[in-house]
Amino acid sequence: MKINVSTKLIINYLLLVVLVFSCTTFILLYKLNYESKAQLENELVTKAQLISEFIPAPVIHQGNTNQIQPLVQIAKQKSRARITVIAKDGKVLGDSESDPEIMENHLTRPEVIDALQGKTGASTRYSYTLQKNMLYVAIPAKTNQREISGIIRVALPVTTVNTLTVNILKNLWIGIIVALLLTIILGYVSAYFITKPIRQINAMTQEAIKGNWSQKIPVTTQDEIGSLAKSLNLLFQQQQGNIEAIKNEQNKITAIISSMSEGVIACDLDSRILLINKSIEKIFAVTAANCRNNMLLEAVRNNELDEILNLTLRSGQPQQSELSILVPVQKIFQVYASPLTNEDKTVGAVLVLHDITTLKHLENVRKEFISNVSHELKTPLTSIKGFIETLLAGALEDKNNNRRFLSIIQEHADRLGKLINDILELSKLESKEIQLEFKPVALPEIIRKTVETFTPQLAKSKITCAVNITGSLPAVRADQDKIAQVMINLIDNAIKFNKENGTITISAELQTNFLKIKVQDTGIGLPSADLPRIFERFYRVDKARSRDLGGTGLGLSIVKHIIEAHHGQVGVESIQEQGSTFWFTLPL
């Protein structure tokens with residue numbers, strides 16, 4: 001039930017009037033009752049003292065009921081009160097209203113206990129003999145030697161006091177009712193004018209709740225309500241600024257979370273999704289609208305991710321784990337799960353998915369590189385060590401073989417040096433330590449000089465090399481020495497893996513903004529399965545033959561890094577047993 005302010009004010013006025021009158025009535029009645037009882041008590045004490053003169057202590061000390069009872073009846077007629085004479089042991093010796101022989105022992109009565117101690121005792125209680133409330137006053141009956149010989153008790157009903165109290169209470173309630181009626185009338189009038197500005201404030205507050213913070217409450221008074229209106233106007237102004245600031249911050253946070261490359265998922269304590277960013281949408285091929293308020297497992301369908309979330313919610317502690325997914329694409333993620341807390345209570349969790357697929361790939365490449373380097377270095381070192389041990393064991397004196405052994409050692413040492421140089425060269429290219437000297441370069445001239453350096457090797461291998469490049473090609477922007485190194489590696493491979501009486505054809509093709517160079521051979525070719533990895537470090541199709549021919553497995557990788565440093569591309573086309581075509585492009 002809704003109660004307005006006016007009604008509350010009137011109710012408060014009524015309660016205040018009732019409370020004041022009730023307290024006043026209670027105090028008056030209490031004081032009147034107290035004073036009436038005190039007056040009645042004094043009257044009874046006086047009557048008891050007079051009766052003690054009529055019924056002396058020696059008579060009471062004798063304990064003769066037949067003697068005392070007639071005296072009690074005479075004293076009653078004169079005092080118009082109930083009179084009881086009690087012995088020291090509590091036995092009733094005489095009573096004006098009942099037969100003392102049938103009355104119970106009065107030793108436990110409060111007023112009797114006080115009188116036996118030499119004091120004036122008084123007590124108010126219900127009398128079952130007279131069936132009414134009585135005020136009892138008892139005094140000790142003392143002998144001339146000041147010894148207590150018994151008790152004289154006088155009692156009167158308290159109905160006179162109660163009657164007076166009831167009459168006063170009736171008059172007070174009539175005054176209370178009149179005051180209440182006046183309070184209601186005046187209360188409604190005053191409450192209307194007091195609550196009028198409050199109703200205005202309430203109406204504008206309701207508008208503010210709906211979002212209208214631009215309004216202003218009129219200030220018509222300078223009292224507390226006027227101060228309230230001023231404060232609310234200031235609050236509305238500040239709140240409007242706070243809402244705009246919160247919206248700006250929310251937009252910033254949303255923009256930051258949306259632009260994060262890491263996937264972010266926020267869930268409540270029931271594992272229901274509160275927020276996901278665009279990265280999560282791409283990772284799991286879902287939409288934020290379809291995921292919101294759904295269980296995590298229902299939205300992304302990944303048991304491992306759901307287990308990480310549940311463990312975080314149960315323990316209230318951050319969790320970290322790796323997660324592999326296969327669909328829509330194969331990826332590896334590092335998952336960081338942190339609990340959301342409010343006043344030290346876990347209310348949800350945030351999952352951050354960091355894509356470490358590339359890092360894992362690089363880690364595997366690093367491990368493979370270390371393994372390959374170790375193997376490649378171990379092979380020539382083992383041969384060098386073996387032949388040195390053979391020479392030291394006595395073969396040094398063998399004139400027929402010692403020079404041959406030393407030649408083999410030199411060959412492996414050269415191979416080892418070439419391998420180390422290639423590793424250093426590749427390392428510099430990958431770390432961008434080498435500063436390329438870009439300048440216009442005439443590519444046909446570089447190719448002709450490179451081919452001339454291979455003339456003895458071509459003749460020895462019975463291979464024909466044809467250069468189908470005209471001198472009218474435009475210059476390219478490149479590092480001359482590095483491009484020469486590329487051509488050396490490609491021609492060297494074309495010779496090594498060619499067939500006897502085979503051919504090598506070098507050609508150039510002009511494309512938009514690029515010049516494409518091809519080195520084609522008629523050699524053994526490459527299996528199609530090996531083509532995607534042919535430019536990897538230490539990758540060989542025929543490892544035994546490559547080592548026999550002195551290859552390090554790094555030449556093509558060096559070629560790729562040099563061409564990419566020139567902002568070009570490199571590739572290969574090959575058919576097994578029919579030959580291969582290696583090509584690269586350079587910007588004009």
Side-chain angles (χ1 to χ4, degrees), residues 29-168:
L29 291 177
Y30 175 79
K31 188 172 181 62
L32 179 62
N33 190 49
Y34 177 79
E35 291 180 354
S36 299
K37 285 185 178 180
Q39 183 178 357
L40 184 60
E41 185 178 327
N42 291 333
E43 182 182 345
L44 292 176
V45 170
T46 302
K47 289 183 179 182
Q49 290 174 347
L50 292 174
I51 293 171
S52 67
E53 298 287 338
F54 183 70
I55 306 175
V59 175
I60 297 174
H61 181 69
Q62 293 175 4
N64 189 344
T65 302
N66 294 329
Q67 183 182 2
I68 295 173
Q69 182 66 14
L71 296 175
V72 170
Q73 293 296 333
I74 295 171
K76 173 193 174 185
Q77 294 176 359
K78 294 182 178 181
S79 64
R80 295 181 180 179
R82 180 182 180 182
I83 301 170
T84 307
V85 179
I86 306 167
K88 288 178 64 176
D89 60 358
K91 180 181 178 182
V92 178
L93 301 176
D95 189 86
S96 63
E97 305 297 333
S98 182
D99 184 1
E101 297 294 336
I102 64 173
M103 294 181 69
E104 61 182 5
N105 191 287
H106 280 39
L107 188 62
T108 58
R109 300 294 194 272
E111 68 277 5
V112 174
I113 294 173
D114 290 340
L116 288 174
Q117 295 176 358
K119 300 182 292 185
T120 299
S123 176
T124 302
R125 65 178 178 273
Y126 184 79
S127 173
Y128 290 97
T129 301
L130 302 178
Q131 296 184 351
K132 60 178 68 175
N133 288 324
M134 302 290 288
L135 174 61
Y136 297 93
V137 174
I139 63 173
K142 298 181 180 180
T143 62
N144 293 333
Q145 288 76 25
R146 310 301 295 173
E147 293 182 358
I148 298 174
S149 61
I151 306 297
I152 296 176
R153 190 182 72 175
V154 183
L156 281 175
V158 294
T159 53
T160 305
V161 176
N162 292 338
T163 301
L164 179 61
T165 302
V166 170
N167 291 333
I168 293 174

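Heavy atoms only: backbone and side chains are in, while hydrogens, waters and symmetry mates are out.
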Original post:
If you look at every heavy atom in K142 and G118, which pair is closest and at what distance?
Top reply: NZ-O, 4.3 Å
Subject >> Side chain to side chain, L135 and L156, heavy atoms closer than 4.5 Å >> reply: no
Original post:
Taking all atoms of both residues into account, what is the closest heavy-atom pair of A81 and A155, and its distance?
Top reply: CB-O, 3.5 Å
**OP:** Starting at CD1 of I113, measure out to OG1 of T108 and round the result to the nearest 0.5 Å.
**Re:** 6.5 Å
Original post:
What is the distance from atom CD of Q77 to atom OG of S96, rounded to the nearest 0.5 Å?
Top reply: 10.5 Å
**OP:** Please report the C-alpha distance between I74 and F54 in whole Å, then the side-chain angles of each, then the deciding distance to 0.1 Å, and finally whether the side chain to side chain contact (heavy atoms under 4.5 Å, CB included) criterion is met.
**Re:** CA-CA 9 Å; I74 295 171; F54 183 70; 3.6 Å; yes
**OP:** Carefully, step by step, assess E104 and R109 under the rule side chain to side chain contact (heavy atoms under 4.5 Å, CB included).
**Re:** CA-CA 11 Å; E104 61 182 5; R109 300 294 194 272; 2.6 Å; yes
**OP:** Let me see the working for M134 and Y126 under side chain to side chain contact (heavy atoms under 4.5 Å, CB included), right down to the final yes or no.
**Re:** CA-CA 6 Å; M134 302 290 288; Y126 184 79; over 6 Å; no
**OP:** Applying side-chain contact (heavy atoms from CB on, under 4.5 Å) between I86 and each of L116, L93, I151, report the one that passes.
**Re:** I151
Subject >> With sequence neighbours excluded, residues passing side-chain contact (heavy atoms from CB on, under 4.5 Å) with N105 >> reply: L107
**OP:** Determine yes or no for a side-chain-to-main-chain donor-acceptor pair under 3.5 angstrom, with S149 supplying the side chain and A141 the backbone.
**Re:** yes
Let me have the donor-acceptor pairs involving side chains of residues 57-71, under 3.5 Å, with sequence neighbours excluded, atom names and distances please.
residue, atom, partner, partner atom, Å
N64, OD1, N66, N, 3.1
Q69, OE1, D95, N, 3.0
Q69, NE2, D95, O, 2.8

Subject >> Shortest non-hydrogen contact from E41 toward V137 >> reply: CG-CG2, 3.8 Å
Original post:
Residues in salt bridge (charged side-chain N to carboxylate O under 4.0 Å, His left out) with K91, at least two apart?
Top reply: none
Original post:
With sequence neighbours left out, which residue pairs that include part of residues 46-60 fulfil the side chain to side chain donor-acceptor pair (under 3.5 Å) condition?
Top reply: E43-K47
Subject >> Nearest non-hydrogen partners of P100 and V92, listed with the distance >> reply: CB-O, 3.5 Å
Subject >> Qualifying residues under salt bridge (charged side-chain N to carboxylate O under 4.0 Å, His left out), relative to K88, sequence neighbours excluded >> reply: none
Original post:
Roughly how far apart are I152 CD1 and I55 CD1, rounded to 0.5 Å?
Top reply: 6.0 Å
**OP:** Using salt bridge (charged side-chain N to carboxylate O under 4.0 Å, His left out) as the criterion, list what pairs up with E97, not counting sequence neighbours.
**Re:** K76
Original post:
P110 and R125: which non-hydrogen atoms are nearest, and at how many Å?
Top reply: CD-NH1, 3.8 Å
